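Presented below is the structure to which this report refers.
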Number of protein chains: 2
Amino acid sequence: MQKVKVMIVDDHEMVRLGIKSYLLTEDGIEFLGEAKSGNEAVQLAKIYKPDVILMDLLMDDGNGFDATEKILSFHGSCKIIILTSYYDDEKVFPAIEAGAHSYLLKTASAEEVTSAIYKAAKGEAVIASKVADKMMTRFRPQERKPHEDLTTREFEVLTCLGEGMTNQEISEVLYIGIKTVKTHVSNILSKLGVADRTQAAIYANRNGILYKKE
Amino acid sequence: MQKVKVMIVDDHEMVRLGIKSYLLTEDGIEFLGEAKSGNEAVQLAKIYKPDVILMDLLMDDGNGFDATEKILSFHGSCKIIILTSYYDDEKVFPAIEAGAHSYLLKTASAEEVTSAIYKAAKGEAVIASKVADKMMTRFRPQERKPHEDLTTREFEVLTCLGEGMTNQEISEVLYIGIKTVKTHVSNILSKLGVADRTQAAIYANRNGILYKKE
DNA sequence: ACAAATTTCGGTCTGGAGACGGAGTTTGAA
DNA sequence: TTCAAACTCCGTCTCCAGACCGAAATTTGT
């Protein structure tokens, strides 16, 4: 049986070394190389044409989402396994949309990772249980995040609420009347199911509804 | 010259493997063993008496803070190097208080880690630049976090504010009058330098002032 | 033991927050 | 074209939030 050609993408040297150290002991795996950024990964993937890529998400020079999308655009048969520490909605779903094949957490054991590589080569996906939970709940529409019902304008107002602005300040920022702001705020409160602007602000902050995010 | 006796504590197997893979190639280092939790680390440290410990902070069975404190209580000459992905205030300062000797981030290269081990053995501390920044600002009293001026009761009230409670609800939770709550809230607002309870709630959430975390 | 800080509570007053109802305009989908 | 949703704004009303003032009881530190 053909060896599985594997590539590693991670900006942490010690993580790359750790994975490499046990991939090299696997007879069924051919270790192709490693990249320390998303952009580097795209270049290397063009040359190496790997079967499976272990991909981190947060990296300085080109993140894992974009890299996943680009690599699949020219090398669609590649199976990309996300291997990261995070499993919040803002990581999991964009990664899946980008075309990720499996999603593992860095808490996984060496055995789990190698097993996932072999399964990926056969077309089977492996999803960490914590990530699987999120995916299940996502497909229960009645339980999805309440702020997905918000209109774009309401979303903008909620963002302002999350910054602690008063109605007056919001009206100035968005160039609308205070009465209009009040209407939006009232609608937001009822849609989010919270009692007042303070709870709405907390909601915004805890769900990462912010101007800029790192 | 005597070899430096090193121990690893991390709950991620692949991180342990990664570190081990290059520690074993270092002639000046004697690799003693590894632990995957804080409590396990304490037990192993009693047996191995390491010179240096590479310690992760967030682990399931006994965190790195407590483990650091306990190990130093019976083996004070040990130098403990924190090696983690996080560098927020809630990690850095408790770790230093616990007696950590150095603080590295997992973005560090293999060379930086080995270098830090040798320096630690000689008594020199290594602090990651991002962490050093935080420490510098901490020692500028006029710039320290405003919520450190809060009294314990005010801190409790702020915690409630961070949960979005009304004055009425806070008074019921803390078994005090609404007027008293109002007094505390007013004092909190002026001490934090914010305009209203909403901004105070945002402050609490962004600075990790919560009942329980994670 | 004494001074200082903390915690507690009272009264009063102003302003903003939010609910409720109504209404005109625009935009996009059926 | 028609209709629903989204965005805009008006008036009114109630109530809580917060400022400001004072003050007593308790705790803390020296």
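Below, chain A is the first sequence line, B the second, and so on; all start at residue 1. Keep in mind that what you see is a predicted model, and the values were worked out from it rather than measured.
Of the listed nucleotides (C:dC9, D:dT8, C:dG18), C:dG18 has the atom at the smallest distance from the side chain of A:Arg197. Here the nucleotide nearest the side chain of A:Thr166, chosen from C:dA17, D:dA6, C:dT8, is C:dA17. Listed nucleotides: D:dA17, D:dC7, D:dT8. Nearest to the side chain of A:Thr151: D:dC7. Set against C:dT7, C:dC9, D:dG18, the side chain of B:His184 has C:dT7 as its closest nucleotide. Listed nucleotides C:dC9, D:dT12, D:dC7 differ in distance to A:Lys179; the shortest reach to its side chain belongs to D:dT12.
To the nearest angstrom, C1' of C:dT6 lies 10 Å from CG of B:Asn187. Counting to the nearest Å, the C1' atom of C:dA19 and the CG atom of A:Asp196 are 13 Å from each other. One can place CG of A:Leu161 at 17 Å from P of C:dG16, the figure rounded to the nearest angstrom. Rounded to whole Å, atom C1' of D:dT26 lies 21 Å from atom OH of B:Tyr175. Atom CD of A:Gln168 and atom C1' of C:dG16 are 11 Å apart (whole Å). Rounded to an integer number of Å, the gap from B:Arg153 CZ to C:dC9 C1' is 13 Å. One interatomic measurement links the two molecules: CD1 of A:Ile188 to P of D:dT8, which rounds to 12 Å at whole-angstrom precision. At whole-Å resolution of the value, CG in B:Leu189 and C1' in D:dC16 are 14 Å apart.
Side chain of A:Glu154 to backbone of A:Thr151: a donor-acceptor contact under 3.5 angstrom is found.
A cation-pi contact, defined as under 6.0 Å to the ring centre and within 45° of the axis, is absent between A:Lys5 and A:Tyr48.
When the side-chain nitrogen and oxygen atoms of B:Thr180 are compared with OP1 and OP2 of C:dT7, none of them lie within a distance under 4.0 Å. For B:Asn167, no side-chain nitrogen or oxygen approaches OP1 or OP2 of D:dC16 to under 4.0 Å.
Taking only distance into account, the side chain of A:Thr183 meets the base of D:dC9 through a donor-acceptor pair shorter than 3.5 Å.
Between A:Asp10 and A:Lys106, at least one side-chain N (NZ, or NE/NH1/NH2) sits under 4.0 Å from a carboxylate O, which counts as a salt bridge.
With contacts defined as side-chain heavy-atom distances shorter than 4.5 Å, the pair B:Ile53/B:Cys78 qualifies.
A donor atom on one side chain and an acceptor atom on the other are not found under 3.5 Å apart for A:Asn205 and B:Asn205.
Heavy-atom distances to DNA chain C give each of B:Leu174 and A:Lys182 a nearest nucleotide, and the one nearer the 5′ end belongs to B:Leu174.
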